[in-house]
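Take a look at the structure set out below.
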Amino acid sequence: MKDIIRHFEKGIIKNVTFVQGRIKEVNTDYFINRIEEGIAQNDNLNGQTNVKGKMTSFKFFNNDKEFHGILNYLREDLPMVVQKCTLEDAWGIKCEKGDWTKPHEHNTMWSGIVYLNDNETPLCFPELNLEVKPRKNEYFFFNGIIQHGTSPLKDGPKYAIPFNLIEVKEWDK
C-alpha cells in the first residue's frame with residue numbers, strides 16, 4: 001500500500017520575459033505563399049488546435065532556410081536568450097474574419113510569433129494585462145508559460161508564424 005506524504009497545489013510568482021520588436025525585412029510574400037501551401041496539405045491542423053482557423057503542421061517551417069534567417073536575426077537581437085536555444089517547432093497560421101485563438105500557453109521555455117501582415121484584433125496576454133495589435137514584420141517573444149490568445153477577428157486575413165524554442169543544456173550537447 002502507498003501513502004501520499006505530501007500533496008499541495010499552489011501558484012507561485014515567477015519573473016517572465018516579454019519582448020516586442022520589428023524585423024526590418026521579412027519576405028512576407030514568400031511566407032504567406034508557403035502558409036497557403038501548408039494549410040492545403042493533408043497533414044494540416046485546420047481547426048484542430050487552439051487556433052480556430054487554418055494552420056499548417058507544427059513542424060512546417062522547421063527546415064525552412066528563410067525562417068532560420070528570422071531566427072538568426074533574433075539571435076542578434078536577443079543573444080542572452082536565443083543563443084542557448086534550438087527550434088522545437090514553427091508553423092503557419094491563417095485566420096479569417098470570425099476565426100480566433102483560444103487562450104493557451106505552450107509547454108516550452110520560449111515562444112514567439114512573427115506577423116506577416118497588419119490586423120486590428122489584438123493578441124491578448126491576460127496575465128500581463130497586455131493587448132497588442134499585430135503589425136507586419138513585428139515579432140513577440142515570451143516565456144511559453146504566458147497565457148495568450150485572441151478574440152474572434154474583426155477583419156482578415158491574418159498571417160503569422162508562431163514558434164517554440166527549447167533551451168539546450170550543456171549536458172545535451
Side-chain angles (χ1 to χ4, degrees), residues 9-28 30-32 34-35 37-39 41-95 100-116 123-128 130 132 134-135 137-150 158-173:
E9 295 179 23
K10 181 179 179 181
I12 60 172
I13 296 174
K14 287 189 159 204
N15 289 330
V16 293
T17 299
F18 177 90
V19 177
Q20 179 178 359
R22 181 170 288 112
I23 301 171
K24 291 184 175 106
E25 293 183 32
V26 175
N27 189 346
T28 54
Y30 167 80
F31 287 115
I32 289 171
R34 291 283 292 135
I35 290 169
E37 291 171 18
I39 62 178
Q41 292 179 357
N42 289 337
D43 64 348
N44 73 58
L45 295 170
N46 296 342
Q48 300 176 48
T49 69
N50 292 314
V51 176
K52 300 308 172 193
K54 293 186 171 63
M55 184 178 146
T56 68
S57 64
F58 274 113
K59 299 200 181 289
F60 187 77
F61 285 106
N62 278 32
N63 296 315
D64 188 285
K65 289 182 183 180
E66 290 279 332
F67 183 71
H68 280 274
I70 290 173
L71 289 181
N72 288 337
Y73 180 88
L74 292 176
R75 280 186 172 84
E76 293 173 15
D77 220 22
L78 306 165
M80 69 300 236
V81 174
V82 183
Q83 293 296 341
K84 298 176 181 178
C85 293
T86 188
L87 181 64
E88 176 72 9
D89 37 36
W91 60 99
I93 63 170
K94 176 186 181 184
C95 293
W100 59 296
T101 304
K102 289 171 62 173
H104 67 284
E105 54 196 48
H106 297 204
N107 187 23
T108 188
M109 183 71 174
W110 299 105
S111 293
I113 187 164
V114 177
Y115 283 96
L116 304 172
L123 176 61
C124 301
F125 295 88
E127 297 160 316
L128 302 178
L130 177 67
V132 286
R135 295 293 175 243
N137 296 346
E138 277 191 354
Y139 69 86
F140 303 106
F141 185 77
F142 50 93
N143 295 100
I145 62 169
I146 300 174
Q147 191 175 81
H148 55 285
T150 70
K158 174 179 76 175
Y159 289 94
I161 303 174
F163 61 95
N164 291 317
L165 302 176
I166 56 173
E167 191 173 7
V168 177
K169 305 284 187 193
E170 287 298 319
W171 53 84
D172 290 336
K173 293 180 182 179

Just how far is it from atom [atom1] of [X] to atom [atom2] of [Y], taken to the nearest 0.5 Å?
X    : Y    : atom1 : atom2 : answer
I166 : H106 : CD1   : NE2   : 14.5 Å
T101 : K158 : OG1   : NZ    : 5.0 Å
L71  : L87  : CG    : CG    : 5.5 Å

Practice item. Begin from the C-alpha positions of F142 and H148 and carry the test ring pair (Phe, Tyr, Trp, His ring centres under 6.0 Å) through to its verdict. Key: CA-CA 10 Å; F142 50 93; H148 55 285; 5.0 Å; yes
Heavy-atom pair with the smallest gap, counting every atom of [X] and [Y]:
X    : Y    : value
E167 : C85  : CA-SG, 4.0 Å
A90  : N62  : N-OD1, 2.9 Å
G47  : K52  : O-NZ, 3.6 Å
S111 : G144 : OG-CA, 3.5 Å
I161 : L116 : CG1-CD1, 4.2 Å

For [X], which residues count as a side chain to side chain contact (heavy atoms under 4.5 Å, CB included) partner, sequence neighbours excluded?
X   : value
T49 : L45, V51, M55, F58
N42 : none
N46 : I39, N44, K54

Check your understanding: Taking everything shown except D43 itself, do over 12 heavy atoms lie less than 6.0 Å from its CG?
Key ->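 Enclosed.
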Find out whether [X] and [Y] are in side-chain contact, i.e. whether some heavy atom of one side chain is under 4.5 Å from a heavy atom of the other.
X    : Y    : result
I93  : I35  : no
L165 : F141 : yes
I70  : F163 : no
W110 : N143 : yes

Check your understanding: Does T56 use its side chain to pair, donor to acceptor, with the backbone of G92 at less than 3.5 Å?
Key ->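 At least one qualifying donor-acceptor pair exists.
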Review point. E88 side chain to N164 main-chain N or O, any donor-acceptor pair under 3.5 Å?
Key: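 Absent.
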Exercise for review: Assess whether side-chain contact (heavy atoms from CB on, under 4.5 Å) is satisfied between Q41 and F60, documenting all intermediate values.
Suggested key: CA-CA 11 Å; Q41 292 179 357; F60 187 77; 3.8 Å; yes
Practice item. Would you please name every residue forming a ring-ring contact (aromatic ring centres under 6.0 Å, His included) with H68, sequence neighbours left out? Key: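 None.
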Review point. Only one of F61, Y115, W91 forms a ring-ring contact (aromatic ring centres under 6.0 Å, His included) with F31, so which one is it?
Key: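 Output: one option passes, namely F61.
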Exercise for review: Let me see the working for V132 and F125 under side-chain contact (heavy atoms from CB on, under 4.5 Å), right down to the final yes or no.
Suggested key: CA-CA 8 Å; V132 286; F125 295 88; 4.0 Å; yes
Pairs under 3.5 angstrom only: tabulate donor-acceptor contacts from the side chains of residues 13-27 to other protein residues two or more places apart or in another chain.
unit_1: Q20; atom_1: NE2; unit_2: E138; atom_2: OE1; d: 3.1
unit_1: R22; atom_1: NH2; unit_2: E138; atom_2: OE2; d: 2.8
unit_1: N27; atom_1: OD1; unit_2: Y30; atom_2: N; d: 3.2

Check your understanding: Which pairs pass salt bridge (Lys or Arg N to Asp or Glu O under 4.0 Å) with one or both residues in residues 102-113, sequence neighbours excluded?
Key ->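 Listed by first then second residue: nothing to list.
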